Number of protein chains: 4
Amino acid sequence: MSEGKRSAGRPRDAEAAGAIKAATLKLVRERGYEAVSIAAIASEAGVARQTLYNRWNTKADLVLDAVFEETGRYASAPLNDPAQTSRMLLERFLVQVFEHLAENGDTIRALIAAAQENNGFREIFRKRFVNPREEIVTDLLKRAQERREIGQDCNINMLSSFVHGAFWYALLNGDTLDKDFARNIAVEIFRSDRKSSGQG
Amino acid sequence: MSEGKRSAGRPRDAEAAGAIKAATLKLVRERGYEAVSIAAIASEAGVARQTLYNRWNTKADLVLDAVFEETGRYASAPLNDPAQTSRMLLERFLVQVFEHLAENGDTIRALIAAAQENNGFREIFRKRFVNPREEIVTDLLKRAQERREIGQDCNINMLSSFVHGAFWYALLNGDTLDKDFARNIAVEIFRSDRKSSGQG
Amino acid sequence: MSEGKRSAGRPRDAEAAGAIKAATLKLVRERGYEAVSIAAIASEAGVARQTLYNRWNTKADLVLDAVFEETGRYASAPLNDPAQTSRMLLERFLVQVFEHLAENGDTIRALIAAAQENNGFREIFRKRFVNPREEIVTDLLKRAQERREIGQDCNINMLSSFVHGAFWYALLNGDTLDKDFARNIAVEIFRSDRKSSGQG
Amino acid sequence: MSEGKRSAGRPRDAEAAGAIKAATLKLVRERGYEAVSIAAIASEAGVARQTLYNRWNTKADLVLDAVFEETGRYASAPLNDPAQTSRMLLERFLVQVFEHLAENGDTIRALIAAAQENNGFREIFRKRFVNPREEIVTDLLKRAQERREIGQDCNINMLSSFVHGAFWYALLNGDTLDKDFARNIAVEIFRSDRKSSGQG
DNA sequence: GTCTAAGCGAGACGGTACGTCAGGTCTTGCT
DNA sequence: AGCAAGACCTGACGTACCGTCTCGCTTAGAC
């Protein structure tokens, strides 16, 4: 009863979606986003080209879906572990993200690129990818504020932008995202002695 | 000594380069990077398509050149004005940048996207575009450190990444880059009371 | 049994082939073989350029097909009319051929030219165009030999080469192929008093 | 006095013409007429492309010149040797021609092809190549007629067309032109017993 | 000895055509 | 109504030639 009236006609092949997403991820990782054609994905998945068009509007949609299949389920309960400092939690979060990017960075970069060339896709990408991750960090920072690990009038959103911006900037410019980088971000966000007057 | 020996053969049409770059900028602004074909640029410039291929290897090269023609010469003596706080100088720099991006943001976004799809171009883009701007901010921050406006052991490069990352992130996600945003960045970078302990 | 199993997928547009061949013939007749581009044919036929590439490998293949469409079905039952001398039959055949060439001579010349520049095409042209016509003449000459209208040890193939050679030579050199020419060929092939000794 | 007033300016490089023609022949023999570009000839000859345009209007003109340089000087005094039958003389002439074609056949075929695509060139080709060779055969046949080796009312021009037509036809269709073929042509042209009535 | 006219090497230029590729739509018969 | 297959239209790509042009340099005879 849950799904209302099943529409007439042949139902969609249940295995097709999985095969297509798997093929998409495989090819995008191997060759890069731009070098992969829709025909190549269909062929790799053993599926007719039209089947892709039946389910996704654009290549970007499809790749986004494929990446999320794998990616959507990360993220981690322990980010509000009260036994840890917020700095430690942020660092741990970033290490997780960077590990994910070690494998998927090129694909993500391609998605960011695709988002620049298609406003509709940029919205989808923002909603399904950017915003959820942003929320994780702003939540973390809010708790830090509650726990007095960070100043009351700090601009949480701006700090979040610093965090994400820093690694987007690095990612897009080809810098390596390693544990040091994660720690350095966390350190600098939570630094108390930014102003030298604190030392006088 | 100026230009060495002129190579043999008919010299390149001096006006063509200008016309091509102008046409490129015009079309990229009107239609976006991906929607502009080489043929369209050639036609707009009143030039044979082959002439473009004679001078640039890829569309990205050409657009980069065209953008730099206009863009390379901004940037601002007064960033070391000793009568101003570094926070004010940073804010002023960001306002300048954002004004430039108001017109060229779409093109820059397209270039960043193109850089993700072509490693060679990413290097060029980094050298000719990213690094110079980064240097402006790190220089500013170093002087701030010398003037004790910022802590001695702050990570200058990380703060610079925060600055650039913040507005790249906003730019790529479709946020507006206005004067408030510029001020907020500067405020947060130079905040003294980040840690709540400063209030205890 | 007629056409075997129809292959999957959308069938080829049945009208397209006709339109394309008609356009091809029209343009080749108007402008000559070399001056006709594939794009022009496609445009004249109201069809995408790619459609031509889907069906024919080269312009020569296409033109050959187009010419044969019109040309393949001539040729004439009455060439073994026993009430006529072989000389008359040959003359009548040549008149038919020359009438066809009056309209298609330029196209045929272009095909012969194309055959010189492409060995594969020369083979096709020979099989589909040259050999069938040659056979008509050799058959006629064989019957003439059986009917004692021509010497028993005459070299039929050589005489056939004389016939076709004579009008190819004329065609390719721009001479007119009229009824007189047809008659003169037939007369000379069947001449009894070639050697002056026959007059002594 | 012979060559009128020499025009002012730098005289044409005397060696260039030779080098260009040699390069032309070499490349046309190696690659075929259509596959050779003017740029390739210029490059092979070590000469500027414009130099070719200064001296020849089209590629066909150039190739024609190049072939004639080598070819114009054949042909043979002994074709009126009174001690030989005309049949023998014709055979000998054809053997000479076929030997020449063994090396230059492809080039000649290309020229014939080029003549079909350019009326102006066809005229030149006819005057400088076809007619002289035709005259050799018609002269030979006229002498044969005077010597009563051939009937008085034979159509000399038609027989000449048979001779040239036969080997053009063979050449253009890719048949081999060997000594047997030469003999068979001569035999058939001079056959006395064409009509079987001659045997009755 | 300049002057002048032309050829030359080099190579850019406006064109035109090529053959390929990809995207997105459509039309079949089959499931 | 979805699917496999594949033809179709559109339009961009990068390459190859063509014939013309524009440079700076060279080569001569004319003045």
Side-chain angles (χ1 to χ4, degrees), chain A residues 6-14 16 34-43 45-55 57-59, chain B residues 5-17 34-43 45-55 57-59, chain C residues 5-14 16-17 34-43 46-55 57-59, chain D residues 5-14 16 34-40 42-43 45-55 57-59:
Chain A
R6 194 184 143 307
S7 66
R10 176 175 174 174
R12 288 187 165 173
D13 182 335
E34 283 295 314
V36 174
S37 69
I38 291 179
I41 294 174
S43 164
V47 139
R49 204 151 53 89
Q50 181 61 46
T51 301
L52 300 194
Y53 288 107
N54 287 344
R55 305 189 185 203
N57 289 324
T58 68
K59 189 166 63 165
Chain B
K5 62 171 57 175
R6 197 187 140 304
S7 72
R10 176 174 175 173
R12 290 184 166 171
D13 183 332
E15 295 178 23
E34 283 296 313
V36 174
S37 70
I38 292 179
I41 296 174
S43 165
V47 140
R49 199 157 54 92
Q50 183 59 47
T51 299
L52 301 194
Y53 288 109
N54 285 344
R55 303 189 184 204
N57 290 325
T58 67
K59 190 167 65 167
Chain C
K5 64 171 55 176
R6 199 185 137 305
S7 71
R10 175 175 176 173
R12 288 187 165 170
D13 183 334
E34 284 296 314
V36 173
S37 71
I38 291 178
I41 294 173
S43 165
V47 140
R49 200 156 53 89
Q50 183 59 47
T51 299
L52 300 194
Y53 287 109
N54 285 344
R55 305 189 184 204
N57 290 325
T58 67
K59 191 167 62 167
Chain D
K5 63 169 58 173
R6 195 187 141 310
S7 66
R10 176 175 174 173
R12 290 185 166 171
D13 183 334
E34 283 297 312
V36 173
S37 70
I38 292 179
S43 166
V47 140
R49 204 152 52 89
Q50 182 61 47
T51 301
L52 301 194
Y53 288 107
N54 286 345
R55 305 188 186 204
N57 289 325
T58 68
K59 189 166 65 165

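Lettering follows sequence order; numbering is per chain, from 1. Treat the numbers as computed from the prediction; the structure is a model and nothing was measured.
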**Q** Between C/T58 and B/A16, name the one whose nearest nucleotide on DNA chain E is closer to the 5' end.
**A**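 Nearest nucleotide further toward 5': that of B/A16.
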**Q** Ignoring hydrogens and angles, answer whether the base of E/dC13 and the side-chain atoms of B/R10 contain a donor-acceptor pair closer than 3.5 Å.
**A**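 Such a pair does not exist between side chain and base.
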**Q** Would you kindly give the CD1-to-P distance between C/I41 and E/dG19, to the nearest whole Å?
**A**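 It is 11 Å, rounded to the nearest whole Å.
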**Q** Which residue lies toward the 5' end of DNA chain F, D/K59 or C/D13, if each is placed at its nearest nucleotide?
**A**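 With D/K59 and C/D13 compared, the 5'-side residue is C/D13.
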**Q** Among all residues two or more places apart in sequence or in another chain, which pass the side-chain contact (heavy atoms from CB on, under 4.5 Å) test with C/N57?
**A**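 side-chain contact (heavy atoms from CB on, under 4.5 Å) list for C/N57, sorted by chain: C/D61.
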**Q** Can you name the residues that form a side-chain hydrogen bond (donor to acceptor under 3.5 Å, both in side chains) with B/E15, not counting sequence neighbours?
**A**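 For B/E15, no residue satisfies side-chain hydrogen bond (donor to acceptor under 3.5 Å, both in side chains) once neighbours in sequence are set aside.
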**Q** What's the shortest heavy-atom distance between B/A16 and B/V47, and which atoms?
**A**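 Taking every non-hydrogen atom into account, CB-CG2, 4.3 Å.
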**Q** To the nearest Å, give me how far apart CD1 (C/I38) and C1' (F/dT10) are.
**A**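 Nearest whole value for this atom pair: 17 Å.
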**Q** Just to be sure I understand the rule, does D/A39 reach a base, reach only the sugar-phosphate, or reach nothing, if contact means heavy atoms closer than 4.0 Å?
**A**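 Sugar-phosphate, no base atom in range.
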**Q** Think B/R55 has a side-chain N or O under 4.0 angstrom from the OP1 or OP2 of E/dC13?
**A**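 So the side-chain polar atoms of B/R55 do come within 4.0 Å of the phosphate oxygens OP1 or OP2 of E/dC13, strictly under.
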**Q** Could you pull out all residues at least two apart from D/A39 that satisfy side-chain contact (heavy atoms from CB on, under 4.5 Å)?
**A**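 side-chain contact (heavy atoms from CB on, under 4.5 Å) check on D/A39 returns D/S37, D/R49.
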**Q** Can you name the residues that form a side-chain hydrogen bond (donor to acceptor under 3.5 Å, both in side chains) with C/E34, not counting sequence neighbours?
**A**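 In terms of side-chain hydrogen bond (donor to acceptor under 3.5 Å, both in side chains), with neighbours along the sequence ignored, C/E34 is linked to no residue.
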**Q** Roughly, in whole Å, what's the span from CD in A/E34 to C1' in F/dA12?
**A**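 Between C1' of F/dA12 and CD of A/E34: 14 Å.
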**Q** Check side-chain hydrogen bond (donor to acceptor under 3.5 Å, both in side chains) between A/D13 and all other residues, then give those that pass, not counting sequence neighbours.
**A**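 If we apply the side-chain hydrogen bond (donor to acceptor under 3.5 Å, both in side chains) test to A/D13, skipping adjacent residues, there are no hits.
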**Q** Does anything in residues 46-54 of chain C reach DNA chain E, meaning a heavy atom under 4.0 Å, and if so which residues?
**A**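 Of all residues in residues 46-54 of chain C, the ones placing a heavy atom under 4.0 Å from DNA chain E are C/R49, C/Q50, C/Y53.
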